[in-house]
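See below for the structure under consideration.
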Amino acid sequence: MNNPTLELQIQTLPDNPGVYQYYDKEGKILYVGKAKNLKKRVASYFNKIHDTAKTNVLVRKIVTIKHIVVPTESDALLLENNLIKKLQPRYNVLLRDDKSYPWLCIKKEPFSRIFSTRRMIKDGSEYFGPYTSFKTVHTILDLIKELYPLRTCNYDLQQHNIEKHKFKVCLEYHIGNCKGPCEGHESLENYQQQVDAIREILKGNFKASMRDFKKKRNDLAANMQFEEAHLIKQKMEILENYQSRSTIMNTKNSNIDVFSIVSDESAGFVNFLQIAHGSIIRSHTMELKKKLEETDVELLELAIIEMRERFHLLSKEVVVPFPVDLGENIKVTVPQLGDKKEVLDLSVRNAKYYRIEQLKQMQIVDPDRHTNRIMAQMQKDLRLTAEPRHIECFDNSNIQGSNPVAACVVFKDGKPSKKDYRHFNIKTVEGPDDFASMEEVVFRRYKRLLEEEQPLPQLIIIDGGKGQLSSALKSIDALELRGKIAIIGIAKRLEELFYPGDSIPLYLDKKSETLKVIQMLRNEAHRFGITFHRDKRSKSALNSSIETIPGIGEKTMLVLIQHFKSVKRLKLATEKQISEVVGVSKAKKITDFYKTSNL
């Protein structure tokens, strides 16, 4: 691939299901496709020569890639279908608006019928879907029929028609699939209660239906009708596992615009989803650079006005995550539950992915800008007076007081500076006293930096809670560095950040970049300290288990122990066996030493 911009776009695509869109240099749509994994699918277009000339021509024309992330492959299939119909890309098979996917309809009429259809008629009826296959639709209809005996005829069951006895019950009534509302054997109120329960099933609320299934299964089992009970159990499992609904379920949620925002220190990212007839037909995300620390409300209001004008949006309702002022003619909805909340969550997810992609691209193209942004964010989050360009983190390592050591790791501009890492053997403390050990190593570290006139860090992180932090502060005070260096402690259990003189800890968002940098420092200090501690324990154990043999060095003995696994086995080995490992001369010295020592 000879286009660095395009390559960068592909590198930062998410590994999620979704729909991708290809555009040419003039901004015209070329192709719309669906993917289980957006990154892998899009990359596959560019890493090989395709069999058809048409596909190769398409790939050469691609200049820009856009995408929409969705929860499942089924949603991607539906969204692809909608976008192809709406945009009619040149390289896609033309899909006419033939409503190729099935819907479930609750007909607006007395004694409502429930049936599948490919056509939506705007007569007040409710439509649920679209569904990706008729198999799913038939499964749901079968379940509904099993639970609730509804009519299948198309009679006009107005009350006056029923009273005039215009209709007669059919075979469905006689075999128990219908209760005969056409002859007045079932009341409208009782019938509509069943329709209400079915509506909840179609919305994804199966609790009432599951209760009915369970009761029916238990009754059948109690009457020894185990085969029938097993069939009901299978239906329950199908209902429990049913997850093939579209993101938008009810076409009453039509002609609305959904806006969400994700922001950081320097910019806001606003995602827009346009909904028509219960389906997503357009998605767009824009970045707004912050100039004067604008709030999310200000940025979102600005973006909504801009996008409504740009895309000629005429909808009377917008769905947003918090209240905004858009004038009297636009209804602002802040959903807490239901279909609109699900679509809002999807919009937020797309905004987050867009932000992540932009940050990844920035990290590749402009690493300095990426670093500056993180440093500014850390300064704000940690309430520091300066950006923490130089951070040092301390951690103690000891097991039951043996071989106590400490480690200091250094990060510069948010990245490890391994040449500046330092190990410390604890010299003045006896036993497993972590507080005294922390006081010692902090004092030694910064006393030396001051003596050598080395630059001091802007931030010190102590791996531990209030006790560890207080011990480190004693050394900072003794060196008269209080106020010159910021210092905080991080507790492992809840990732609490402690500040000197403040009993209330600071909690950062678990997904914040600031906390991730601090966790990297803490984990690196722990790794570095544990490695040093393990090496020291191994050396100590080796020295205690290996006797000093004249003419045999430590490295030779280490090779022998690794081969024979223990000193005891080495003593029992023959001279020939030892010579195969270290040679004849050394083997003789070792066997002679053990013969003499045994005497």
Side-chain angles (χ1 to χ4, degrees), residues 71-75 101-107 109-117 125-155 157 167-247 249-250 337-339 342:
T72 66
E73 291 178 73
S74 296
D75 291 317
Y101 288 103
W103 301 74
L104 280 172
C105 174
I106 299 180
K107 192 71 174 174
E109 60 187 357
F111 300 97
S112 302
R113 288 172 293 152
I114 298 176
F115 54 88
S116 62
T117 180
S125 299
E126 291 183 79
Y127 291 87
F128 293 85
Y131 296 89
T132 52
S133 73
F134 258 113
K135 183 179 180 181
T136 301
V137 173
H138 290 318
T139 299
I140 297 170
L141 287 174
D142 287 344
L143 287 169
I144 291 170
K145 188 175 180 181
E146 186 79 29
L147 272 177
Y148 307 106
L150 302 181
R151 72 182 182 110
T152 56
C153 62
N154 58 3
Y155 295 151
L157 297 186
F167 315 111
K168 294 290 183 183
V169 293
C170 62
L171 180 62
E172 289 291 300
Y173 171 77
H174 293 293
I175 63 177
N177 290 338
C178 176
K179 292 183 178 180
C182 57
E183 287 192 19
H185 297 312
E186 182 177 23
S187 69
L188 178 60
E189 181 184 1
N190 182 69
Y191 189 97
Q192 290 306 130
Q193 284 178 354
Q194 298 181 95
V195 173
D196 292 339
I198 292 166
R199 185 179 290 108
E200 290 303 308
I201 289 180
L202 297 178
K203 287 182 178 180
N205 181 7
F206 306 138
K207 289 183 180 178
S209 300
M210 288 300 291
R211 281 197 301 268
D212 289 342
F213 266 131
K214 190 175 290 186
K215 184 178 182 303
K216 192 168 185 179
R217 182 197 63 187
N218 293 342
D219 291 344
L220 289 168
N223 294 325
M224 303 297 182
Q225 295 175 275
F226 298 116
E227 290 186 9
E228 291 84 350
H230 181 67
L231 291 174
I232 295 296
K233 181 185 177 185
Q234 288 179 324
K235 297 286 187 182
M236 290 174 68
E237 290 172 351
I238 293 172
L239 191 57
E240 284 178 337
N241 296 328
Y242 165 67
Q243 294 177 343
S244 299
R245 61 181 185 147
S246 174
T247 302
M249 294 298 295
N250 192 329
L337 295 168
D339 294 337
E342 289 185 20

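Computed from heavy atoms alone, side chains included, the values below leave out hydrogens, waters and symmetry copies. Along the sequence shown, residues are numbered consecutively beginning with 1.
Closest of all the heavy-atom pairs between Ile106 and Ser112 is CG2-CB, 4.1 Å. Closest heavy-atom contact between Phe115 and Leu141: CA-CD2, 4.5 Å. Between Tyr155 and Cys182, the closest heavy-atom pair is CD1-CB, 4.3 Å. For the residue pair Lys179 and Pro149, the shortest heavy atom distance occurs at CE-CG, 3.6 Å.
Without hydrogens or angle criteria, Arg151 side chain to Phe111 main chain gives a donor-acceptor distance under 3.5 Å. Of the possible donor and acceptor atoms, none in the side chain of Glu186 sits under 3.5 Å from a partner among the backbone N and O of Asn190.
Remark: Leu104 CG to Ile198 CD1 distance equals 10.5 Å, nearest 0.5 Å. Note that OG1 of Thr152 is 12.0 Å distant from CD1 of Ile114, once rounded to the nearest 0.5 Å. Once rounded to the nearest 0.5 Å, the distance linking CZ of Arg113 with CG of Asn154 reads 5.5 Å. Rounding to the nearest 0.5 Å gives a distance of 10.0 Å between NZ of Lys215 and CG of Leu220. To the nearest 0.5 angstrom, Cys153 atom SG is 9.5 Å from Glu172 atom CD.
Between Leu150 and Tyr191, some side-chain heavy-atom pair lies under the 4.5 Å cut-off.
Shown here is His230, whose NE2 atom has no more than 12 heavy atoms of other residues, nucleotides or ligands within 6.0 Å. More than 12 heavy atoms of other residues, nucleotides or ligands shown are found within 6.0 angstrom of CD1 on Ile175.
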Verify side chain to side chain contact (heavy atoms under 4.5 Å, CB included) between Tyr173 and His185, making sure each step is shown before the conclusion.
CA-CA 10 Å; Tyr173 171 77; His185 297 312; 3.9 Å; yes
Do Lys216 and Asp219 pass the salt bridge (Lys or Arg N to Asp or Glu O under 4.0 Å) test, and can you show the C-alpha distance, the side-chain angles, and the key distance before you say yes or no?
CA-CA 5 Å; Lys216 192 168 185 179; Asp219 291 344; over 6 Å; no
Apply side chain to side chain contact (heavy atoms under 4.5 Å, CB included) to the pair Glu109 and Leu157, showing each step before the final yes or no.
CA-CA 8 Å; Glu109 60 187 357; Leu157 297 186; over 6 Å; no
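The side-chain contact (heavy atoms from CB on, under 4.5 Å) test applied to Leu231 returns Gln234, not counting sequence neighbours.
A perpendicular orientation is assigned to the rings of Trp103 and Tyr127, their planes being inclined by more than 60° (bins at 30° and 60°).
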